[in-house]
Amino acid sequence: MALKSLIEEAAFRAFSEAGLPRETPTGLKWSARPEFGDLQINGVMGAAKQLKQNPRELAEKVLQNLPIGEGLIAKAEVAGPGFINLHLDSQAISEDCQKLLSDPRLGVEQPTKQQRVVVDYSSPNLAKEMHVGHLRGTILGDAVCRALEFKGHKVVRQNHIGDWGTQFGMLIAELQATQTQEQISAGIALSDLEVFYRQAKEHFDADPEFADLARNNVVKLQAGDGECLALWQHFIDESLNHAEDNYHKLGVSLTREDVRGESAYNADLEPLVSELIERGIAVEDQGAQVVYLEELADKEGNPSVAIVQKADGGYLYATSDLAAIRYRVNELQADRCLYFIDARQSLHMKQVYAVARKAGWAPESVQLEHCSYGTIMGEDGKPFKTRSGDTVKLADLLNEAVERANEIVAEKNPSLSQQDRDTISLAVGIGAVKYADLSKARTTDYRFDWESMLSFDGNTAPYLQYAGTRIHSLFEKAGEELASFEANIGVEQTAERALALSLMRFAESLDQLAESAMPHDLCSYLFDLAGKFATFYEACPILKSEVDATTRASRLALAALTSKTLECGFEILGIQSLKRM
RNA sequence: GCAUCCGUAGCUCAGCUGGAUAGAGCACCUGGCUUCGAACCAGGUGGUCGGGGGUUCGAAUCCCUCCGGAUGCGCCA
């Protein structure tokens with residue numbers, strides 16, 4: 001068990017022995033400042049208030065019941081209005097790190113209850129090419145999937161692609177109008193989806209006959225017309241190939257097996273709405289079928305309205321989202337459903353969840369969480385666009401990232417071979433883009449800035465990657481094998497202690513991420529760890545001749561554990577670590 | 001009009017289930033390489049936490065209100 005958990009238990013016992021009620025929160029936290037010890041118990045003051053007792057006296061009483069000097073807590077004191085500051089036993093810290101070094105899970109415990117977590121992310125619209133707008137959801141969702149899997153949960157990825165709707169009638173008509181069968185099967189027309197879409201749209205706007213064909217295609221598609229479906233399928237496949245190029249470059253773990261698009265729910269929509277109507281949940285209003293949601297009423301008491309079927313009989317994305325919830329709960333047996341979707345759709349998500357609850361399709365035992373995220377802004381503080389005002393293609397963005405990284409790597413390390421430089425640039429460029437996104441608080445907008453994300457200073461991927469390479473280089477020089485290195489760890493110096501304490505907190509950080517679905521928590525942790533290592537590396541010589549063998553081995557062990565922790569964190573974030581750069 | 005989110009150092013952002021003197025990075029200033037990768041490190045300058053009320057022993061954090069910004073709001077997705 002983690003050191004902090006052991007102390008938490010000890011604190012609970014001490015609280016109880018001091019006469020405090022069960023379940024009183026101990027308020028145990030890592031200390032904000034070094035002079036407050038390693039950990040601090042903040043819960044006494046709140047408890048004293050409830051019991052109308054003197055907080056300092058109560059703190060003294062708790063202190064008396066803490067196991068001090070028994071190998072865990074070296075010393076403790078009451079401070080300020082009733083804080084209890086704890087200083088950990090250095091031997092205990094050393095032993096804890098020792099255990100972590102040989103633990104492939106780095107202290108991360110299996111969940112008390114394993115969950116099946118369905119994660120909806122990326123979900124591009126296949127009518128067009130992926131653009132910057134798809135970046136956040138794709139990266140964030142993927143990192144959270146990896147984190148949950150590492151924790152020990154069962155993750156089911158769902159790529160809810162936009163593969164259905166009126167625009168596909170138009171795109172199919174364009175295929176029919178401009179391409180021979182041979183060209184279609186060769187995939188020539190779709191080498192640039194953006195161009196093809198624009199061409200189809202222009203055609204649609206300019207030519208009424210073509211527009212009729214397009215609309216007719218929509219009808220034929222819905223009726224299951226063989227030729228139309230074949231062309232549609234061809235288009236979807238091609239477009240998915242484009243998306244997968246991006247996934248591959250980004251190192252995103254989504255595969256074809258995770259694809260379950262809107263079209264997969266077509267057959268469910270009619271019975272779904274019928275059921276809502278029969279059960280009186282949906283009612284007719286101005287020809288449409290709607291659900292009134294009192295639970296989302298404004299302060300005047302006006303209920304929120306969700307439309308599940310249009311007046312013309314057509315369905316909306318809310319309808320297929322409902323069908324998807326049913327599928328996820330019933331077929332996928334979800335305990336928890338995460339949706340990585342733009343913050344602007346938060347009302348929509350609330351409505352869909354509310355209807356699903358109301359209909360009993362998602363019982364209260366199933367968690368439904370909209371993991372919303374903000375917009376990526378340009379330097380001007382407005383949504384990120386190209387100079388000419390177009391949306392930025394994801395593929396272009398990634399290429400630029402790698403090119404920029406290449407220039408920087410070439411400048412910083414001219415001795416690299418062309419091949420090494422390319423490999424490193426890819427890791428650094430893509431890593432920088434991903435990390436810039438992952439390290440920001442998920443819910444807010446952020447400013448896209450090449451310079452700061454590719455900087456080797458500050459909370460960036462290159463800085464962390466660099467920290468990793470220093471350790472590999474250290475081991476190379478030492479002539480030791482990093483992966484299998486074992487030695488007795490003895491924490492003495494301030495910098496060693498600070499590093500060791502940071503190393504002990506990885507599991508906690510991962511748990512937090514698995515709970516909050518906010519990868520920036522883990523990023524902050526890794527940045528802190530890398531900083532602690534840099535300080536340690538500066539202050540504590542390792543391979544110098546004046547260092548004795550025991551100290552050298554201990555410090556190498558700390559370095560090895562740092563490397564493993566950083567790389568494990570990177571793996572979870574989906575960022576490549578490097579041995580040199 | 002209603003709803004959601006946001007306003008923290010010159011800039012970009014953390015911190016928000018209330019805890020001690022509000023933190024990073026950038027920028028700026030001062031130091032540190034014939035010594036493990038200086039792509040680094042140590043230190044410094046810099047903040048009425050949008051304004052005002054309230055709850056509390058204690059508020060950036062919770063409540064109310066005002067100002068300012070973004071986004072969304074029944075038949076697109």
Side-chain angles (χ1 to χ4, degrees), chain A residues 25 27 29 31-33 35-36 40 42-43 45-46 48-49 55 79-83 85 123 125 127 162 164-167 262 285-292 296-300 302 304-318 320-321 342-348 350-351 372 374-375 377 381-383 408-409 411-413 439-441 443-447 449 451-452 455-460 462-463 465-467 469-478 520-521 523-524 527-528 531 534-535 537-547 552 555 559 580-581:
Chain A
K29 288 183 174 176
S31 296
R33 322 167 76 83
E35 59 267 37
F36 301 151
Q40 53 184 84
N42 295 346
M45 292 168 288
K49 178 160 54 169
F83 297 98
N85 295 336
S123 308
N125 176 2
W164 203 252
T166 51
Q167 29 190 350
E262 291 172 347
D285 184 13
Q286 295 166 52
Q289 297 297 331
V290 308
V291 180
Y292 290 106
L296 297 177
D298 64 20
K299 60 182 175 185
E300 313 272 295
N302 305 310
S304 180
V305 182
I307 300 180
V308 292
Q309 187 175 24
K310 298 193 286 182
D312 68 4
Y315 302 101
L316 299 102
Y317 76 137
S320 48
D321 278 343
D342 195 294
R344 284 174 290 200
Q345 294 196 40
S346 91
L347 177 60
H348 165 75
K350 276 186 193 167
Q351 290 185 328
S372 70
T375 308
M377 302 301 198
K382 293 184 195 148
I408 294 169
V409 172
E411 185 194 331
K412 303 267 190 190
N413 193 349
S439 61
K440 306 288 189 303
T443 51
T444 49
D445 298 344
Y446 80 90
R447 203 173 283 238
D449 178 14
E451 202 175 322
S452 65
S455 166
F456 287 77
D457 300 302
N459 192 5
T460 66
Y463 172 81
Q465 285 167 324
Y466 173 65
T469 61
R470 284 171 111 185
I471 302 177
H472 280 285
S473 166
L474 186 64
F475 272 81
E476 201 171 310
K477 194 149 214 162
H520 86 289
D521 294 331
C523 295
S524 305
F527 179 58
D528 177 72
T535 304
Y537 185 81
E538 204 75 20
C540 302
I542 302 170
L543 305 180
K544 303 292 171 64
S545 54
E546 73 269 21
V547 179
R552 172 189 147 112
R555 288 179 179 169
R580 63 204 177 99
M581 61 194 284

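Just so it is clear, the values below take in all heavy atoms, side chains as well, and ignore hydrogens, waters and symmetry mates. Throughout, a chain's letter reflects where its sequence line sits, starting with A, and its residues are numbered from 1.
- Listed nucleotides: B:rC40, B:rC73, B:rC2. Nearest to the side chain of A:Leu347: B:rC73.
- Among the heavy atoms of the strands lying under 4.0 Å from A:Ala311 is at least one base atom, whether or not backbone atoms are also near.
- Both distances falling under 3.5 Å, in either a Watson-Crick or a G-U wobble arrangement, occur for no nucleotide opposite B:rA39.
- A:Ser524 places a side-chain N or O within 3.5 Å of a backbone atom of A:His520 that can act as its donor or acceptor partner.
- Here A:Cys523 lies out of heavy-atom contact (under 4.0 Å) with every strand.
- The distance from atom CZ of A:Arg344 to atom C1' of B:rC5 is 13 Å, rounded to the nearest whole Å.
- Between the P atom of B:rG72 and the NE2 atom of A:His348 lies a distance of 14 Å, rounded to the nearest Å.
- Contact between the side-chain N/O atoms of A:His520 and the OP1/OP2 oxygens of B:rG15 is found at a separation under 4.0 Å.
- Between the A:Arg580 side chain and the A:Ser473 main chain, no donor and acceptor come within less than 3.5 Å of each other.
- Contacts of A:Ala478 with the nucleic acid, taken as non-hydrogen atoms under 4.0 Å apart, are absent.
- When each of B:rA38, B:rA70, B:rC41 is scored by its nearest atom to the side-chain atoms of A:Asp445, the top-ranked nucleotide is B:rA70.
- B:rG10: Watson-Crick or G-U partner is B:rC26, with both key distances under 3.5 Å.
- In this model, the phosphate group of B:rA70 is not approached by any side-chain N or O of A:Lys382 to a distance below 4.0 Å at OP1 or OP2.
- Using C1' as the reference atom, B:rU45 and B:rC26 are 15 Å apart when rounded to the nearest Å.
- Taking the P atom of each, B:rG18 and B:rA59 are spaced 13 Å apart, rounded to whole Å.
- Taking the 5.5 Å centre cut-off and the 30° plane limit, the aromatic side chain of A:Phe36 is classed as stacked on B:rA20.
- Looking at heavy-atom distances under 4.0 Å, A:Asn302 makes no contact with the nucleic acid at all.
- Nucleic acid contact for A:Ser455: none, since no nucleic acid atom lies under 4.0 Å from a heavy atom of the residue.
- Contact record, A:Phe456 with A:Tyr463: O-CD1, 3.2 Å, taken as the closest heavy-atom pair.
- Comparing A:Asn459 and A:Ile542, the nucleotide of RNA chain B nearest to each residue sits closer to the 5' end for A:Asn459.
- A:Leu316 comes within 4.0 angstrom of sugar-phosphate atoms only, judged by non-hydrogen atoms across all strands, and of no base.
- When the nucleotides B:rA42, B:rG37, B:rG19 are ranked by their closest atom to the side chain of A:Thr535, B:rA42 comes out on top.
- B:rU55 and B:rG43 have their C1' atoms separated by 41 Å, with the value rounded to a whole Å.
- In this structure, B:rC62 and B:rG54 make a Watson-Crick or G-U wobble pair, each of the two defining distances being under 3.5 angstrom.
- Using C1' as the reference atom, B:rA14 and B:rC49 are 13 Å apart when rounded to the nearest Å.
- Rounded to whole angstrom, the span from the CG atom of A:Leu474 across to the C1' atom of B:rU35 amounts to 14 Å.
- The glycosidic torsion of B:rG74 lies within 90° of 0, which places this base in the syn conformation.
- The residue A:Lys412 sits close to a base: some heavy atom pair falls under 4.0 Å.
- A:Tyr315 comes within 4.0 angstrom of sugar-phosphate atoms only, judged by non-hydrogen atoms across all strands, and of no base.
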CA sep, side-chain torsions, deciding dist, call: A:Asp449, A:Arg447, salt bridge (Lys or Arg N to Asp or Glu O under 4.0 Å): CA-CA 6 Å; A:Asp449 178 14; A:Arg447 203 173 283 238; over 6 Å; no

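- Taking atom OH of A:Tyr466 as the reference point, atom P of B:rA39 lies 5 Å away to the nearest angstrom.
- Here B:rU21 is the nucleotide among B:rU21, B:rA70, B:rC75 with the atom lying nearest to any side-chain atom of A:Glu35.
- Phosphate proximity of B:rC41 to A:Tyr463: present, with a side-chain N or O under 4.0 Å from OP1 or OP2.
- As rounded to whole Å, 15 Å separates atom P of B:rC5 from atom CG of A:Asp342.
- Rounded to an integer number of Å, the gap from CD of A:Glu538 to P of B:rG37 is 12 Å.
- If you take atom C1' in B:rC64 and the same atom in B:rG25, they sit 36 Å apart, rounded to whole Å.
- Contacts of A:Glu451 with the nucleic acid, taken as non-hydrogen atoms under 4.0 Å apart, are absent.
- Taking only distance into account, the side chain of A:Asn85 meets the base of B:rA20 through a donor-acceptor pair shorter than 3.5 Å.
- When heavy atoms are screened at a 4.0 angstrom cut-off, A:Asp298 is found touching the sugar-phosphate backbone but no base atom.
- For the OP1/OP2 pair of B:rA14 and a distance below 4.0 Å, the side-chain nitrogens and oxygens of A:Thr444 include at least one atom meeting the criterion.
- Between the C1' atom of B:rC73 and the OH atom of A:Tyr317 lies a distance of 11 Å, rounded to the nearest Å.
- A sub-4.0 Å separation between OP1 or OP2 of B:rA38 and a side-chain N or O of A:Arg470 is present.
- No side-chain N or O of A:Asn302 forms a donor-acceptor pair with one of A:Glu300 less than 3.5 Å apart.
- Pairing of B:rA77, defined by two Watson-Crick or G-U wobble distances under 3.5 Å, is not identified with any nucleotide.
- Comparing the C1' positions of B:rA60 and B:rG47 gives a spacing of 11 Å, expressed to the nearest Å.
- In this structure, A:Phe83 counts as stacked on the base of B:rA20 under the 5.5 Å centre distance and 30° plane angle limits.
- Not one N or O on the side chain of A:Thr375 forms a donor-acceptor pair closer than 3.5 Å with the backbone of A:Pro383.
- B:rU48 is unpaired under the Watson-Crick or G-U wobble criterion, no partner having all donor-acceptor distances under 3.5 Å.
- In this structure, B:rC2 and B:rG72 make a Watson-Crick or G-U wobble pair, each of the two defining distances being under 3.5 angstrom.
- One finds no side-chain N or O of A:Lys49 lying less than 4.0 angstrom from the OP1 or OP2 phosphate oxygen of B:rU56.
- For A:Phe456, taking side-chain heavy atoms from C-beta onward, the closest of the listed nucleotides B:rA14, B:rC36, B:rC40 is B:rC40.
- In this structure, A:Leu296 places its CG atom 14 Å from C1' of B:rG72, rounding to the nearest Å.
- Side chain of A:Lys29, nearest nucleotide from B:rG19, B:rC41, B:rC75: B:rG19.
- Counting any heavy atom pair closer than 4.0 Å across all strands shown, A:Gly531 reaches no nucleic acid atom.
- Atom CD of A:Glu262 and atom CG of A:Asp321 lie 7.5 Å apart (nearest 0.5 Å).
- Within 4.0 Å of A:Gln40, counting heavy atoms only, lies at least one base atom of the nucleic acid.
- A 6.0 Å sphere centred on CD of A:Glu451 holds no more than 12 heavy atoms belonging to other residues, nucleotides or ligands.
- Rounded to whole Å, the separation between the C1' atoms of B:rG52 and B:rG7 comes to 16 Å.
- The backbone N or O of A:Phe36 sits less than 3.5 Å from a side-chain atom of A:Ser31, completing a donor-acceptor pair.
- The minimum heavy-atom distance between A:Ala48 and A:Pro55, with the atom names listed, is CB-CA, 3.6 Å.
- Taking the C1' atoms as reference points, B:rU61 lies 9 Å from B:rG15, given to the whole Å.
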